Each structure stands twice: as structure tokens, then as C-alpha cells.
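This report refers to the structure that appears directly beneath it.
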Amino acid sequence: MTGAFPVHIHHVDDGFKAMAFLHHKVPYNSSPRPDLVLLDLNLPLKSGKDVLAESKSDPELCSIPVVVLTTSSDRSDVAFCYRSGANEFVTKPLNIDQFVACMNDLEVFWFSDATLPSR
């Protein structure tokens, strides 16, 4: 990322932890409310699709923008994500330089061009 914006990244490694983080449950009870969620569909234990559907159906979480960032380019995954409330669907580039450029573009759009609900 370019570093031009004050971005703090928090990472969890499965879908259950993602929901615990979003709901401020132990051990994430002091976690901040995210301005943006980057969500992989291929999370273990609880899929990214389940996390997306659950978070977008929750009145406390539904206003948090969700960018699905995944290796999938399957049209049914794209359709499911937008039907479930995803704000953007991005297929991860496999080339590292393209991936870095993609992350920079996401950073500029979401933290400069877009107006986020929490700002």
C-alpha cells in the first residue's frame, strides 16, 4: 500500500474469528469497528460466503463495506456476493506486482474517493 492513508490492518484466519472480531467477542472485545472489511471467500471453518451473509444481515454490521478479495472468478460466486450485499468483488491477481497495484487501487478508492459510513 502507498502509506498515504492512516490504515490499520487487523487479520483473522478463519470465519469464526472474523465474526468474533466484528462482534467484539473475546479475544477481540477491544477491537475497533472496521471502516472496511477485505473478505476472502475461502476462509476455513466458516466460509467467507457465510461471513458475508451473516454480517450483511446483522443491523449492527451491515453498514460496514465489504470487499470480497478472493482467488475465485466464478460468476456464481460474484452473483452470490453482490446479492448478499458485497460492495465490491475483486479477483486477486496472481502476479505480485499486479497484486500490489490492486491493493494500492483499493486503498485509494476506499480511503480517498469513497465516503465511508464511519467517517
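Quick note: residue numbers are just sequence positions, from 1. Below, each value reflects all heavy atoms present in this structure, side chains not excepted, and no hydrogens, waters or symmetry copies. What you see is a predicted model; the values in this text were computed from it and never measured.
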If only atom types and distance count, is the side chain of [X] paired as donor or acceptor with the main-chain N or O of [Y] below 3.5 Å?
X	Y	answer
D14	K17	yes
S31	Y28	yes
S57	A53	yes
T91	S72	yes

How many angstroms lie between [atom1] in [X] and [atom2] in [Y], if you round to the nearest 0.5 Å?
X	Y	atom1	atom2	value
F21	N29	CZ	CG	11.5 Å
C81	L39	SG	CG	7.5 Å
T71	L94	OG1	CG	8.0 Å
M19	L45	CE	CG	14.0 Å
F109	N104	CZ	CG	15.5 Å
W110	L38	CH2	CG	10.0 Å

Would a 4.5 Å heavy-atom cut-off, applied to side chains only, mark E88 and V68 as touching?
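With C-beta onward as the side chain, the pair stays apart.
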For [X] and [Y], work out which heavy atoms get closest and say how close.
X	Y	value
L22	S55	CD1-CB, 4.2 Å
D13	H11	CB-CE1, 3.9 Å
L52	G85	CD1-C, 4.5 Å
R33	S63	NH2-OG, 2.8 Å
D97	N95	N-OD1, 2.8 Å
P34	I64	O-CG2, 3.7 Å

Worked check of side chain to side chain contact (heavy atoms under 4.5 Å, CB included) between E54 and D50
CA-CA 6 Å; E54 188 176 327; D50 290 340; 5.7 Å; no
Heavy-atom neighbours of K92 NZ exceed 12 at 6.0 Å:
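Atom NZ in K92 is packed in, count exceeds 12.
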Are [X] and [Y] joined in one hydrophobic group, where the rule is that I, L, V, M, F, W and Y side chains link up if heavy atoms are under 4.5 Å apart?
X	Y	result
Y82	V90	no
F89	L43	yes
M103	V67	yes
V78	V37	yes

Full working for side chain to side chain contact (heavy atoms under 4.5 Å, CB included) between L69 and D40:
CA-CA 5 Å; L69 182 64; D40 190 345; over 6 Å; no
Decide whether K56 and N87 meet the rule of one side-chain donor and one side-chain acceptor closer than 3.5 Å.
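Checked: K56/N87 side chains pair up, N/O donor to acceptor below 3.5 Å.
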